[in-house]
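FYI, the numbering just counts along the sequence from 1. This is a predicted model, so every value here is computed, not measured.
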Amino acid sequence: MARNQMRAAWGVTAAVVLIVMGQQAVAADLAQAASVPQAGASVTEAPSPWQIRLRALGVVTEDSGYVNAVPGSDLSYSNTVTPELDISYFFTDNIAAELILGSTYANIGGQGTIGGLGNIGKARLLPPTLTLQYHFTDFGAFKPYVGAGVNYTIFYNQGASRADALKVKNTFGTALQVGFDYMVDQHWGVNFDVKKLFLKPDFDVTVDGAKLTGKAELDPWLIGAGVTYRF
């Protein structure tokens, strides 16, 4: 009787061992199968290094400047809203370069001791700006960044109003930048961006036949919001 019970116990133990081993083998096969992409299954590709943004841009200038040899002279400039396009290239997930393209205009007015001149003239500006950015990647869909770079502003279609002639000279400047993208999916997102340009062009002006020179301290804030597309 005891021998039969011993045989039955060994039989049950062997059956349990076989069942457990079989379950482990099936689990291993399922795990291996899950790790191998199935035919026709989609594979997420690495994003393209190229990105573009289209923004509405508010240009808010500093009202400062002067005419040489005219004590107490000051200048003011109009604020504008304009469309802006930028193109970015990502060297890594964190490091990118951005080229900012847009055009706007500024009315130039006299202030201080030359306030009686009123609107001196106006000029259109093309201020291409190249920044090097650092993008933070630890916040999911929220992707903040900071940047710094250089600017070269071209003044064109210039015209005099109260002055006889006006010539604002092209100049280099520097730029600081902070902003963020919020990505809705792999390609599309919304963007908010603030840049500060340090821009102080020289100018020549002729008023009532007198030829004068000066400096326009524009130093604009560029405040933009728009859409982002990552290729």
Does the pair Leu176 and Phe198 meet the rule for a side-chain contact (heavy atoms from CB on, under 4.5 Å), with working shown? CA-CA 9 Å; Leu176 296 176; Phe198 298 92; 4.1 Å; yes

Do Tyr105 and Val205 share a hydrophobic cluster (ILVMFWY, side-chain heavy atoms under 4.5 Å, transitive)? no

What's the shortest heavy-atom distance between Ser88 and Gln133, and which atoms? OG-OE1, 4.5 Å

hydrophobic_cluster_shared for Ile87 and Leu130, side chain cutoff 4.5 Å: no

Does Leu199 offer a backbone N or O that forms a donor-acceptor pair with the side chain of Asp219 under 3.5 Å? yes

Could you please spell out the steps behind the salt bridge (Lys or Arg N to Asp or Glu O under 4.0 Å) verdict for Asp208 and Arg162? CA-CA 9 Å; Asp208 295 334; Arg162 176 61 180 85; 3.5 Å; yes

Taking every non-hydrogen atom, the tightest pair across Ser76 and Gln111: OG-NE2, 3.3 Å

Ignoring hydrogens and angles, state whether a donor on the side chain of Thr228 or Asp181 is under 3.5 Å from an acceptor on the partner side chain. yes

Is there a chain of hydrophobic side chains (I, L, V, M, F, W, Y, each step under 4.5 Å between heavy atoms) that links Phe139 to Tyr134? yes

Working to the nearest 0.5 Å, report the span between CG of Leu132 and CD of Gln177. 10.0 Å

Could you tell me which non-hydrogen atom of Phe180 sits nearest to which non-hydrogen atom of Pro144, and how far apart they are? CB-CA, 3.7 Å

If we only count heavy atoms from C-beta on, is the Val207 to Ile114 side-chain gap below 4.5 Å? no

Applying ring pair (Phe, Tyr, Trp, His ring centres under 6.0 Å), run through Tyr182 and Phe142 and close with a yes or a no. CA-CA 5 Å; Tyr182 187 87; Phe142 178 67; 7.1 Å; no

Aromatic rings Trp50 and Tyr89: how do their planes relate, parallel, tilted or perpendicular, breaks at 30° and 60°? perpendicular

What do you reckon, is CZ of Phe90 surrounded by more than 12 foreign heavy atoms closer than 6.0 Å? yes

Atom OH in Tyr77, atom CG in Leu125: separation rounded to 0.5 Å? 11.0 Å

What closest approach, in Å, do Pro128 and Leu101 show between heavy atoms, and which atom pair accounts for it? CB-CD2, 4.2 Å

Same apolar cluster: Leu166 and Leu212, side chain cutoff 4.5 Å: yes

Tell me, with the steps shown, if Tyr145 and Asp193 meet side-chain hydrogen bond (donor to acceptor under 3.5 Å, both in side chains). CA-CA 9 Å; Tyr145 57 86; Asp193 183 272; 2.6 Å; yes

Which of Thr129, Thr171, Thr131 passes side-chain hydrogen bond (donor to acceptor under 3.5 Å, both in side chains) with Asn151? It is Thr129

Would you say Phe231 and Ile52 make side-chain contact, with heavy atoms under 4.5 Å? yes

Please step through side-chain contact (heavy atoms from CB on, under 4.5 Å) for the pair Val67 and Phe203, ending with a clear verdict. CA-CA 9 Å; Val67 177; Phe203 65 86; 4.1 Å; yes

Please round to the nearest 0.5 Å and tell me the distance separating atom CD of Glu84 and atom CG of Leu54. 8.0 Å

Give, for atom CZ of Arg124 and atom OG1 of Thr80, the distance between the pair rounded to the nearest 0.5 Å. 8.5 Å

The single option from Lys200, Glu217, Lys196 passing side chain to side chain contact (heavy atoms under 4.5 Å, CB included) against Glu62: Lys196

Heavy atoms only: give me the nearest Lys215-Leu75 pair and the separation to one decimal. O-CD1, 3.9 Å

For the side chain of Asn94 and the backbone of His135, is there at least one donor-acceptor N/O pair under 3.5 Å apart? yes

Kindly compute the distance separating NZ (Lys167) from NZ (Lys169), expressed to the nearest 0.5 Å. 9.0 Å

Neighbour count above 12 (heavy atom, 6.0 Å) for Lys122 NZ: no

According to side-chain hydrogen bond (donor to acceptor under 3.5 Å, both in side chains), does anything in residues 65-75 pair up with another residue at least two apart or in another chain? List the pairs. Asn68-Thr213

Nearest 0.5 Å please: distance from the CG atom of Asn191 over to the NZ atom of Lys143. 13.0 Å

hydrophobic_cluster_shared for Val194 and Val146, side chain cutoff 4.5 Å: yes

Check: Asn170 side chain, Phe155 main-chain N or O, donor-acceptor pair, under 3.5 Å: yes

Which atom pair, heavy atoms only, marks the closest approach of Leu126 to Gly102? CD1-O, 3.2 Å

Around Asp164, counting heavy atoms of other residues, nucleotides and ligands shown, do more than 12 lie under 6.0 Å from its CG? yes

Report the C-alpha distance between Ile100 and Leu57 in whole Å, list the side-chain angles of each, state the deciding distance to 0.1 Å, and finish with yes or no for side-chain contact (heavy atoms from CB on, under 4.5 Å). CA-CA 11 Å; Ile100 303 158; Leu57 189 69; 5.7 Å; no

When you measure from the side chain of Thr113 to the backbone N and O of Pro71, does any donor-acceptor pair fall under 3.5 Å? yes

